[in-house]
Amino acid sequence: MIKNLIILCSALWFGITSPALAQRSQVSDSGYYLTLNKDFILSGFTDARDVLIAPAKWSKHEWLGVAAFAGTSVLLYTQDETIRDFFQRNQTPALDNISKYALEPWGSGVYLVPFVAGMYVYGLTRKNQDAETAALLTGKAVVITGAFTLLIKGITGRHRPNQDVPADPALWEGPFHSFDYISFPSGHTAVVFSAATMLSSYYHEKTWVAITSYSLASLVGVSRIYDDKHWATDVLTGAALGFAIGKLVYNNYRKKNKFVVLPYQSGSFQGVSVQFRVN
């Protein structure tokens, strides 16, 4: 199983950074590619602001989605203890190793940070602007997601399942009572889902990227329940939070980069053309 996960992650890495697969078109920096500069850093604060005010801009359709998610969460909340007991009864040494060495390090950043940093360095050294841009967007989404996750953890103050005997899913300390209780939502799940959402959105024409990244993110979430670090509702909310922030950051990038500059040649004339980006 660990070998298969290594192959899965390697396929994602080499597939995204491979020039044959990653470089979609020759577009100049004045188009929709990003570079690490002051404007990019400032855009992180703008995106964070947009996360805060997003509910005020939600459409009726989006509010219905939030209501459906809330209903699902309430239903799952009633089963938190049952789900926890199931995973605790079905632990094995092999699954322990998979969770410890193949999954948990993605959520903690031990694997995710080098993965994204490697994409960025590859993009710079090989002049692969797709890899560079995807890495910058992914890093930004992960940082923003991590910040909001910590904020929500501090506000809710939920006990982890492994902090009490017996474990009680109904123990919530409330706003900033103590940073000892930070179960809700799952930070590991949130950051990995934000990365998965960004990569699958940026490489939207490659279905296998979405399948690989979301599968890995889901397994990371399951591992948090298996390791008795989180309740199922923590994981569900973390996944939703990471997905929502990842989509918002990507959509903001798209809105600001609808026009692209492409090389143009007709006979002896050479220049550039401005096109409206629809994909």
Side-chain angles (χ1 to χ4, degrees), residues 2-44 47 101-146 188 190-217 219-220 242-243 245-247 249-254 256-257 260-263 277 279:
I2 294 180
K3 181 180 179 180
N4 291 337
L5 284 169
I6 293 175
I7 293 174
L8 187 72
C9 298
S10 299
L12 180 63
W13 163 254
F14 288 111
I16 288 176
T17 57
S18 170
L21 292 175
Q23 197 70 24
R24 296 172 297 183
S25 60
Q26 296 297 323
V27 182
S28 69
D29 283 338
S30 58
Y32 60 83
Y33 287 128
L34 298 176
T35 56
L36 183 57
N37 53 28
K38 182 181 70 174
D39 290 339
F40 171 76
I41 294 173
L42 290 177
S43 73
D47 288 344
Y101 298 110
L103 297 174
E104 191 279 337
W106 283 100
S108 65
V110 173
Y111 293 165
L112 183 59
V113 171
F115 180 88
V116 176
M119 280 186 62
Y120 178 70
V121 172
Y122 176 89
L124 283 178
T125 57
R126 299 299 295 271
K127 300 188 184 305
N128 186 320
Q129 293 172 303
D130 264 321
E132 183 181 350
T133 299
L136 287 173
L137 287 172
T138 302
K140 177 164 65 170
V142 166
V143 170
I144 294 174
T145 300
H188 282 59
V191 297
V192 177
F193 262 91
S194 69
T197 300
M198 184 58 69
L199 290 173
S200 62
S201 297
Y202 190 83
Y203 294 101
H204 57 88
E205 73 280 11
K206 299 177 176 64
T207 304
W208 65 268
V209 173
I211 294 174
T212 303
S213 56
Y214 280 125
S215 295
L216 180 60
L219 288 172
V220 170
F243 176 84
I245 294 179
K247 276 296 184 184
V249 172
Y250 178 73
N251 288 338
N252 277 358
Y253 158 73
R254 286 290 304 277
K256 296 174 183 176
N257 295 276
V260 299
V261 180
L262 298 172
R277 188 185 185 201
N279 293 321

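Residues: numbered from 1 along the sequence shown.
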**OP:** Check the pair Tyr122 / Met119 against side chain to side chain contact (heavy atoms under 4.5 Å, CB included), numbers first and verdict last.
**Re:** CA-CA 5 Å; Tyr122 176 89; Met119 280 186 62; 5.7 Å; no
Original post:
Step by step, would you call Tyr111 with Glu104 a side chain to side chain contact (heavy atoms under 4.5 Å, CB included)?
Top reply: CA-CA 9 Å; Tyr111 293 165; Glu104 191 279 337; over 6 Å; no
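Separation of atoms OG (Ser215) and CH2 (Trp208) is listed at 12.5 Å; rounding is to 0.5 Å. To the nearest 0.5 Å, atoms OG1 (Thr145) and NZ (Lys140) are separated by 11.5 Å. Ser194 contributes atom OG, which lies 13.0 Å from atom NZ of Lys247 (distance to the nearest 0.5 angstrom). How far CG of Asp47 is from CD1 of Ile144: 4.5 Å, rounded to the nearest 0.5 Å. Interatomic distance, Leu112 CG to His188 NE2, rounded to the nearest 0.5 Å: 10.5 Å. In this structure, CG in Leu124 is found 10.0 Å from CD in Gln129, a value given to the nearest 0.5 Å.
No side-chain heavy atom of Val209 sits under 4.5 Å from any side-chain heavy atom of Tyr202. Looking at heavy atoms from C-beta onward, Leu34 lies in side-chain contact with Tyr253 at the 4.5 angstrom threshold. Counting heavy atoms from C-beta outward, Leu36 and Leu136 have side chains that approach closer than 4.5 Å. Within the 4.5 Å cutoff, the side chain of Leu103 has heavy atoms near those of the Leu216 side chain. Looking at Thr35 and Phe40, their side chains never come closer than 4.5 Å, going by heavy atoms from C-beta outward. When side chains are defined from C-beta on, Thr197 does not count as touching Tyr250, because their heavy atoms never get closer than 4.5 Å.
Shown here for Gly107 and Val191, the closest heavy-atom pair between the two residues is O-CG2, 3.5 Å. Considering every non-hydrogen atom in both Val116 and Ala135, the closest pair reads CG1-O, 3.4 Å. Here the closest heavy-atom approach between residue Pro114 and residue Gly109 is recorded as CD-O, 3.5 Å. Val220 and Trp106 make their closest contact through CG2-CB, 4.0 Å (heavy atoms, listed as atom of the first residue, atom of the second, distance). The two residues Gly246 and Ala141 come nearest to each other via the heavy atoms CA-CB, 4.3 Å.
Ring geometry for Tyr214 against Phe193 counts as tilted: the plane angle lies between 30° and 60°, on a 0 to 90° scale.
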